[in-house]
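Let me begin by presenting the structure, written as structure tokens, before commenting on it.
The figures here come from the full heavy-atom set of this structure, side chains too, leaving out hydrogens, waters and symmetry mates. Given the structure is predicted, the values throughout are model-derived calculations rather than measurements. Numbered from 1 within each chain, the chains take letters A, B, ... in sequence-line order.
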Amino acid sequence: MTKAKAGARVLYWFRTDLRITDSPALNAALAIDHTAAFYPVWCWDPNYVYGHRVGLNRWSFLLESMTDLSDQLTKLNKKQKLHVVRGAPEKVLPMMWNSWGITHIVWEKDSNAYAKIRDERIKALAKDTGVEVLEVHGRHLFDPTEVVKANHNKPTMTLHQWQSVTGKMGGVDQPQPTPISLPDPGDVKLSDELGEERHKYEGVDRNAHIRTGSDTCFDKLSGSKGDYAVPTIAEMGFGQPTTSIRGGTTAGHEKLSNFLSHPDDVATFSKPRTAPTSLEPSTTLLSPYIKFGCVGVREIWWGCKEAIKKWDGKGGQETKEPENMFGQLEFRDMYAAAEAAEPDFERIRGNSVCRYIDWGLQNQYDKDGQEILPRPRGGDEDEERLAAWREGRTGFPWIDACMRQLKNEGWIHHLARHSVACFITRGQCYISWERGMEVFDEWLIDWDPASNPGNWMWLSCSAFFSQYYRVYGLVSWPQKTDKSGALVRKYCPELKNFSDKYIYAPHLAPESVQKEAKCIIGKDYPFPILDEHAEKDRCIARLKNAFALGLHGDAPEVLDGTAPDLLRKKHEETGALDVKTAKEMKEEKAMKKREAAGDSTLDGYVKKAKR
DNA sequence: GACGAGTTGGCACG
DNA sequence: CGTGCCAACTCGTC
């Protein structure tokens, strides 16, 4: 095929931006002069579909979002749609360039480590072919790579730091105008140069467990009907999703405008004061739409600003950063700018921002630094704890309800994420955040490669946060916002007959009460897998040692594999691994107190003098 | 070097 | 229901 002699032929590559609103990249593509053909394209990569363990709820949200986007494109031009080409981008993009005489390819910039490598490869291929690349930032409030540059090539590690760096970069841009028309696509036939080779994926099918039928999605580059239609979940051989969350830019904009139509809610939004126990989400639930780019961040930012301007001042005090809506978006940006500076952000080893802690079940590496896969089994106790956590059968109703909600809905409240993440890492189980992160990656619809590892490091006190002695109680924490245990009653129905007194700790109920509730602990619902308070104290003692050792993921001792032994020695010296029962510890504490009280003179005087 | 702040802790005490 | 302590982190500011 020959290239068009005159007129631009533009390929717009959708990836992180399933919308037509507030899109700097799409507008840049449409601003190219003398466009003779315009191709909106999605590359449906079998390597991704087979190689990444992703739950049904996220697959379905993505497909719905693609379908909705395609409809939006068709509304702008009846001849247009989202062209879903079934193949890896580095294979099918050059085919499109050649077959369709493409002169320009445009995409929204993605600063994620994996995406950066992929996009550099595409840029090199484009250069070889003579296709001009336009990479336009639009996914965040500020371009993370620019923030990193302005921060002396260092990751942003606190919100204040991010705020002070971006404070010198001008304000947040206004939302982009929505296009009112699209040029026609040209001929869409593809020369099938890849032949039979194109569908082969040599690795392991990581989604085999959710495949209920055969996968016909990749049989033809242009789909089964040859029309580049968005794949159906059945075509991928997958079953039906369980979530009630619907994908798409239309649904996302509905959520946003509903929220913005209550200016008092916008003005007084305070994340820490929203309830993780609420049956109906107590937050905006915009995150899945932000993740897939169904809604633009500038629309949210300026939408909130406008709403607050209209606010009559009633319904409470206006909240400030970081707990207000702007703070939430800023945190997302902070994580993105941290991730953009650290290629090993999703693991411990090599990760300069991540403190080294000798968690159980962390990634294992061979002498050459290659991750050993499949991962060797760890200690039976660790494996069993991880499995129980994942499957929502820890014997702690609050944790189990959250994990079951996560699997079922693909979403749990931010503070519920805190609670379950703290439990599996630094709170009680002392299991690597890498394992927890994987489960979130599989089940959360809104899983984001910067925010999620970032938050896992936060909660595990590996980075961003360090007050490891602040541990979420498994009973006391949910009781703060809901004494009645509504979420437990919904997701752990076997416990629903227990009174409020025992709903978060049914194992404390006398046998007669268990019988009356028709739920025997240890039979109908598991006995707790561990002693909450004893394990908490062991964790704190080990965290203390890890902090004293002061190693990070990029330390030589971590890279050469000697760090775990160094820490184990420290634990042995300090008795950090001793298992003490809660009863013993209570007695010990009481004794200390008696001693302190008996020591009548010095301490008392000092304390009084200080006051 | 001290001090206060940091998106969101638990617990005893009054 | 508010206050202060628990045992103590990092970071920026003074």
What contact category does [X] fall into here, base, sugar-phosphate, or nothing, at under 4.0 angstrom with non-hydrogen atoms?
X	result
A:Gln328	base
A:Arg355	sugar-phosphate
A:Tyr468	sugar-phosphate
A:Gly473	sugar-phosphate
A:His160	sugar-phosphate

*B:dG9 - base-pair partner by Watson-Crick or wobble geometry, distances under 3.5 Å*: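 Partner of B:dG9: C:dC6.
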
*Is there a Watson-Crick or G-U wobble partner for C:dT13 with both distances under 3.5 Å, and which nucleotide is it?*
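Paired with C:dT13, as far as the under-3.5 Å criterion goes, is B:dA2.
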
Of the nucleotides [options], which one has an atom closest to the side chain of [X]?
X	options	value
A:Ser466	B:dG6, B:dT7, B:dT8	B:dG6
A:Tyr469	B:dT7, B:dG9, C:dC9	C:dC9
A:His533	B:dC11, C:dC9, B:dT8	B:dC11
A:Phe331	C:dT10, B:dT7, B:dT8	B:dT7
A:Gln467	B:dG10, B:dG6, C:dT10	B:dG6
A:Lys536	B:dG10, C:dC9, C:dA8	B:dG10

*Looking only at side-chain N and O atoms, does A:Lys544 come under 4.0 Å of OP1 or OP2 in C:dA8?*
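So the side chain of A:Lys544 is within the cut-off, an N or O lying under 4.0 Å from OP1 or OP2 of C:dA8.
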
*Side-chain N or O of A:Thr158 less than 4.0 angstrom from OP1 or OP2 on B:dG6?*
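No, no such contact exists.
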
*Below 4.0 angstrom, N of the basic side chain to O of the carboxylate: do A:Arg404 and A:Glu494 qualify?*
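Between A:Glu494 and A:Arg404 there is a salt bridge, with a charged N closer than 4.0 Å to a carboxylate O.
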
*Are the charged groups of A:Arg298 and A:Asp22 less than 4.0 angstrom apart, N to O?*
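Between A:Asp22 and A:Arg298 there is a salt bridge, with a charged N closer than 4.0 Å to a carboxylate O.
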
Starting at [atom1] of [X] and ending at [atom2] of [N], how long is that distance when rounded to a whole Å?
X	N	atom1	atom2	answer
A:Phe465	B:dG6	CZ	P	13 Å
A:Trp398	B:dG10	CH2	P	12 Å
A:Arg470	B:dC11	CZ	P	14 Å
A:Asn324	B:dT8	CG	C1'	14 Å
A:Met157	B:dA5	CE	P	22 Å
A:Leu459	B:dG9	CG	P	11 Å

*Given the side-chain rings of A:Trp458 and A:Phe465, with only the six-membered ring counted for Trp, is the space between their centroids under 6.0 Å?*
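Judged by ring-centre distance (under 6.0 Å), A:Trp458 and A:Phe465 do meet the cut-off.
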
*With a 6.0 Å cut-off on ring centres, are A:Tyr335 and A:Phe464 close enough?*
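For A:Tyr335 and A:Phe464, the ring centres are under 6.0 Å apart.
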
For the [atom1] atoms, the ones on [N] and on [M], what distance do you get once it is rounded to whole angstrom?
N	M	atom1	value
C:dT10	B:dG10	P	22 Å
B:dC3	C:dA8	C1'	14 Å
B:dT7	C:dC1	P	28 Å

*Checking side chain to side chain contact (heavy atoms under 4.5 Å, CB included) for the pair A:His552/A:Val353: CA distance, chi angles, key distance, verdict?*
CA-CA 7 Å; A:His552 284 76; A:Val353 309; over 6 Å; no

*Parallel, tilted or perpendicular: which fits the ring planes of A:Phe547 and A:Tyr468, with parallel below 30° and perpendicular above 60°?*
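Ring orientation of A:Phe547 relative to A:Tyr468: tilted.
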
